[in-house]
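Numbering of ligands and ligand atoms starts at 1, following listing order. Predicted, not measured: the structure shown is a model, and the values here were computed from it. For the numbers below, each heavy atom of this structure counts, side chains included, while hydrogens, waters and symmetry mates do not.
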Amino acid sequence: MAQIRFDVLTLFPEMFHGFLSTSIIRKAHEKGLIETNVTNFRQFATDKHQTVDDTPYGGGGGMVLKPQPLFDAVDHLLQDAVKRPPILLMSPQGAPFTQKKAEELAGHSHLMFLCGHYEGFDERIRQNLVTEEISVGDFVLTGGELPAMVIIDSVSRLIPGVLGNHDSAAMDSFSNGLLEYPHYTRPSEFRGMEVPDILLSGHHANMEKWRREQSLKRTWTRRPDLLKSAPLTEEDRKFLRMLEQRKRSE
Ligand code: 4G3
């Protein structure tokens, strides 16, 4: 049995094909670690035109996704389920998606994603079907498919065995609450641009100190909001006070 199953309800299942057949996500499927089931909920429409939307009560423009096809699709997918999974609605009105939310979702064995392309879902979908409404950022997209892929990707890489030990999730930005330090590889000089001497020194303790300071400096410059919740040592705080001092005196 896979560690986690993703059910996706969408009107555009083909959008997921490239994503699911590429790289780490494909390998995770091949290893049996994750399982993804993409369903076109239009197949649950009941009329001969397979209608999934209708005009809004109260007038105005645009179309609204009808409740019936989505409720029936969810009922069908969950008919043999012992437990109801989180049912996530992708929308710009949702709670901000974060690494913390990815970690929480990775603790479930089953997740369901509802993706819409319309101005709106009938509010009864939100209130009686969906358990959480999530946004991947303060911007509007043509549909919820890309946000669903973002979440599936970030959750999958937290499942043990999906990443090599090598690029394990414990290593990246946010796992320590800070942005990553700069990386370099060979050659040590390229078009006159040099790798910092300290990384060529082979002095382990100094290199670790440099990396920590670079992470702190980058976070302080680009995302000072993250410093409020990052776990910092007294030495980190001292370094940050030095950065503040240096700024005030320039
Ligand atoms: C529902 C999610 C869905 C209402 C979806 C638009 C951006 C995001 C949609 C709505 C989306 C996001 C589809 N765009 N920021 N578009 O996560 O107004």
Side-chain angles (χ1 to χ4, degrees), residues 4-20 22 25 34 36-45 50-75 77-78 84-108 110-158 169 172-174 222-223 225-226:
I4 190 163
R5 171 186 177 86
F6 303 110
D7 275 316
V8 180
L9 288 171
T10 171
L11 296 172
F12 299 92
E14 42 318 328
M15 284 185 74
F16 289 84
H17 296 167
F19 169 65
L20 294 174
T22 303
I25 298 298
I34 69 178
T36 308
N37 174 54
V38 183
T39 301
N40 188 339
F41 60 88
R42 191 179 294 283
Q43 71 187 78
F44 293 89
Q50 298 209 286
T51 309
V52 292
D53 59 349
D54 204 343
T55 53
Y57 277 120
M63 297 295 275
V64 176
L65 277 174
K66 293 157 64 68
Q68 175 271 321
L70 275 167
F71 274 78
D72 283 352
V74 170
D75 285 350
L77 289 169
L78 297 183
R84 269 180 103 73
I87 302 179
L88 313 175
L89 179 71
M90 304 300 104
S91 118
Q93 286 105 64
F97 185 62
T98 59
Q99 189 64 27
K100 182 164 166 255
K101 176 56 77 172
E103 282 161 17
E104 179 199 315
L105 294 176
H108 290 270
H110 189 185
L111 298 172
M112 190 174 275
F113 296 85
L114 308 188
C115 309
H117 268 244
Y118 292 82
E119 281 91 303
F121 290 83
D122 184 289
E123 192 63 16
R124 291 166 291 190
I125 295 168
R126 278 199 175 81
Q127 304 226 295
N128 301 291
L129 189 59
V130 164
T131 61
E132 286 184 71
E133 193 165 344
I134 302 182
S135 167
V136 299
D138 289 339
F139 42 79
V140 180
L141 301 167
T142 58
E145 285 77 10
L146 289 166
M149 287 185 247
V150 165
I151 295 173
I152 291 169
D153 191 282
S154 65
V155 169
S156 295
R157 63 194 293 292
L158 297 175
D172 40 61
S173 267
F174 297 115
R222 300 183 184 186
R223 293 293 308 277
D225 57 303
L226 296 178

Numbering the atoms of ligand 1 from 1, which are under 4.0 Å from a heavy atom of Phe139?
7 (C), 15 (N)

Just to be sure I read this right, does ligand 1 sit under 4.0 Å from the backbone of Phe97, its side chain, both, or neither, counting only heavy atoms?
neither

Could you tell me whether some N/O pair between His117 and ligand 1 is separated by less than 3.5 angstrom?
no

Would you call His117 and Glu145 a side-chain contact if the rule is heavy atoms closer than 4.5 Å?
yes

Region of Pro147 engaging ligand 1 - heavy atom pairs below 4.0 Å
side chain

Salt bridge (charged side-chain N to carboxylate O under 4.0 Å, His left out) involving Asp138 - partner list, sequence neighbours excluded
none

Tell me if the OH atom of Tyr57 is crowded by more than 12 foreign heavy atoms within 6.0 Å.
no

With no hydrogens and no angle check, is any side-chain donor or acceptor of Thr51 less than 3.5 Å from a backbone partner on Asp53?
no

Without placing hydrogens or testing angles, list every side-chain donor-acceptor pair under 3.5 Å for residues 124-132, not counting sequence neighbours.
| unit_1 | atom_1 | unit_2 | atom_2 | d |
| --- | --- | --- | --- | --- |
| Arg124 | NE | Asp122 | OD1 | 2.8 |
| Arg124 | NH2 | Asp122 | OD2 | 2.8 |
| Arg126 | NE | Glu133 | OE1 | 2.8 |
| Arg126 | NE | Glu133 | OE2 | 3.0 |
| Arg126 | NH1 | Glu123 | OE1 | 3.3 |
| Arg126 | NH2 | Gln93 | OE1 | 3.1 |
| Arg126 | NH2 | Glu133 | OE2 | 3.1 |
| Asn128 | ND2 | Arg124 | O | 3.4 |
| Thr131 | OG1 | Ile87 | N | 2.8 |
| Thr131 | OG1 | Ile87 | O | 3.2 |
| Glu132 | OE1 | Lys101 | NZ | 2.5 |

Work out which heavy atom in Ile4 is nearest to a heavy atom in His108; give both atom names and the distance.
CD1-O, 3.3 Å

Contact region, Gln93 to ligand 1, non-hydrogen atoms below 4.0 Å, reads side chain

Given Gly62, Pro92, Gly116, which has its nearest heavy atom closest to atom 4 (C) of ligand 1?
Pro92

Relative to the heavy atoms of Gly143, which atoms of ligand 1 are at a distance of less than 4.0 Å?
5 (C), 11 (C), 13 (C), 16 (N)

N or O contact, Ile134 vs ligand 1, cut-off under 3.5 Å
no

Any N/O pair Val140/ligand 1 closer than 3.5 Å:
no

